[in-house]
Participant: 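Please read through the structure below; I'll follow up with questions.
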Amino acid sequence: MNPSTLRINAERFKTNFEALSKIGATPDGGVHRPTFSQAHLQVRAWFRELAAEAGLEFNIDSAGNHSALLQCADPEAPTLLLGSHLDSVTNGGRFDGAIGVLSALEVLQTIKDAGLYLPIHLEAIDFTDEEGTLFGLMGSAAVAGKLTPQDLLGLRGGRNALLSGLSRAGLTEEGLLMAKRQSHQTLGYLEVHIEQGSRLIEAGADIGLVTSIVGTNSYRLTFLGRADHAGTTPMDARLDAGQGASAFTLAARQQVMRNYPQCVVNIGSMTLEPGAFNIVPERACLSLEFRAHDEDTLDQLERALLELAEKEAQRFNLGLDIESVGAHQPALMSQQIQDVFHRAAKSLNLKTVPLASFAGHDAQSMASICPAGMIFIPSVDGASHSPREYTEWQDCVNGASVLLHAVLSMAIG
Ligand code: HGY
Ligand code: MN
Ligand code: MN
């Protein structure tokens, strides 16, 4: 049979997506599947059953990455990895990550059903903790050998959450640290993902060819003041941690918009302690994250923001505790794979446009051990990390179809 005529089974793909979207579903059309939550463990078990029903072998590595496998006859052959992640952010959308894992599974099933024998192994992978409930890109960083014991001491979700989550999933820290794959084993990594922005729709394009992925650093900042009576303490005598935290939050946004217009900064949570109406807050804990497309800018931005935090703490006579809880380097996507994706999209009469990614993805971990590439499919209104997240079904079919033909092109030319 002529592989170029092969098409995915769009009906099966949709049935699977609808079933997957029910696991951890929230009333407003999103999903809530934080890493190692019951819903996340449930969705991984569901993925494993689906692979078994499809007659595919299955593997769970020591970092908990779940993979459906379509092995070829030669045990020494390299593996082409395709996939994404089944974990979600808190109260997230049902397409982020999920559409990539199901597209990968659909490709393996389509090739298997067609009785096509490839000279390489194919693996549809669901990476552990992409979203950073615990660390962020944890499963792919483990596979790339980029995870260090220090990373597991100071991380976004906190060490207790890591240890209790690992034990719920039957995993260990040692296992995380020994999941590295050898480069020669991995022919490449391909990922389909929603754009999570609105550039594709604005450009009237079907497929985004990802050129690079942003680097992201995360810090926990704690402004330290003094608890006092909120009524009897004169305003100018207060050591109010909330003032320093709020002043920094506003100043950080101004700093980035004025001096780093190609970057972003976010303070996603701010907690004041003790947290009572009538006590001046003595502690203010902030979760700070910032992103840039190259290492130098990321370093400059990091220095600028931490200096700003120190300055605002001094302004309000506060102490400041700074803890790094994550750093992911920016990565360039393989030009060879961008070309493969472009040719595959063209063969399907789909319009492509090159896009840099401001979202982090597992492909940026994988790029350090093999050629990695991604395609984006359109997000309506650019909405993501929210139940408002939505992609038209034809665009989902387009993404999986381009992935299928990219895989066939890499496997058999
Ligand atoms: O946060 C991100 O950029 C990705 O969605 N994990
Ligand atoms: Mn994602
Ligand atoms: Mn995400």
Side-chain angles (χ1 to χ4, degrees), residues 17 20-21 24 26 30-35 37 39-40 43 65-66 82-104 124-141 146 155-157 189-197 199-200 208 210 212-219 263-269 287-293 298 325-331 333 355-367 372-379 382-391 396 399 403:
F17 179 72
L20 168 48
S21 301
T26 51
V31 293
H32 182 71
R33 294 197 295 255
T35 303
S37 61
H40 182 230
V43 79
N65 297 310
H66 282 49
L82 3 160
S84 193
H85 60 93
L86 291 175
D87 68 306
S88 81
V89 292
T90 299
N91 203 25
R94 62 190 191 281
F95 293 85
D96 181 352
I99 208 65
V101 174
L102 287 186
S103 298
I125 191 164
D126 154 34
F127 282 114
T128 298
D129 188 44
E130 189 277 345
E131 289 291 7
T133 302
L134 298 173
F135 177 71
L137 309 185
M138 189 162 78
S140 54
K146 297 171 84 168
L155 63 168
R156 276 180 164 187
Y189 173 69
L190 307 179
E191 181 169 356
V192 178
H193 203 284
I194 52 171
E195 180 199 339
Q196 300 176 299
R199 291 171 292 172
L200 278 174
V210 180
S212 66
I213 300 177
V214 74
T216 302
N217 287 358
S218 310
Y219 277 86
C263 302
V264 290
V265 62
N266 189 53
I267 287 156
S269 73
S287 57
L288 167 67
E289 184 210 80
F290 48 95
R291 307 182 184 209
H293 266 284
L298 196 59
V325 291
H328 296 292
Q329 292 164 322
M333 294 292 97
L355 287 181
S357 175
F358 268 90
H361 295 286
D362 291 308
Q364 74 192 96
S365 301
M366 296 304 289
M374 286 189 82
I375 54 172
F376 282 159
I377 54 177
S379 294
S384 184
H385 282 191
S386 141
R388 291 173 29 248
E389 188 176 278
Y390 184 73
T391 292
C396 298
L403 182 67

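Just so you know, residue 1 is the first one in the sequence shown, and it goes up from there. Just so you know, ligand 1 is whichever comes first in the structure, and atom 1 is the first atom listed for that ligand.
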Participant: Could you check whether any heavy atom of H385 sits closer than 4.0 Å to an atom of ligand 1, since that is the contact criterion I want to use?
Facilitator: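 Contact check H385 vs ligand 1: positive.
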Participant: Need the atom name: nearest N/O/S atom of D96 to the Mn ion (ligand 2).
Facilitator: OD1
Participant: Taking all non-hydrogen atoms of both residues into account, name the closest pair between S384 and D96 and its distance.
Facilitator: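 In this case the closest contact between S384 and D96 is OG-OD2, 4.1 Å.
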Participant: Can you tell me if H85 has an N, O or S atom under 2.8 Å away from the Mn ion (ligand 2)?
Facilitator: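 Short answer: yes, at least one N, O or S atom is under the cut-off.
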Participant: Using 0.5 Å steps for rounding, measure from the CZ atom of F127 to the CG atom of N65.
Facilitator: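 Reported value, rounded in 0.5 Å steps: 5.5 Å.
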Participant: Under 4.0 Å from a heavy atom of A359: give me the atoms of ligand 1 that qualify, with their elements.
Facilitator: 3 (O)
Participant: If you take the nearest heavy atom of each of E130, R291, Q196, which one is closest to atom 2 (C) of ligand 1?
Facilitator: R291
Participant: How wide is the angle at the Mn ion (ligand 3) spanned by H385 NE2 and E131 OE1, rounded to 10 degrees?
Facilitator: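 My answer is 90°, to the nearest 10°.
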Participant: Check this for me, if you would: do R33 and E131 make a salt bridge, where the nitrogen-to-carboxylate-oxygen distance has to be below 4.0 angstrom?
Facilitator: no
Participant: What residue and atom, counting heavy atoms only, is the protein's closest point to atom 4 (C) of ligand 1, and at what distance?
Facilitator: G360 O, 3.3 Å
Participant: Would you say S84's side chain and G100's backbone share a donor-acceptor pair under 3.5 angstrom?
Facilitator: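 Side chain of S84 to backbone of G100: no pair is present.
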Participant: How long is the span from the CD atom in Q196 to the OG atom in S357, to the nearest 0.5 Å?
Facilitator: 7.0 Å
Participant: Would you check if the distance from the ring center of F376 to the ring center of H361 is below 6.0 Å?
Facilitator: yes
Participant: Taking both backbone and side chain into account, is any N, O or S atom of E130 nearer than 2.8 Å to the Mn ion (ligand 2)?
Facilitator: no
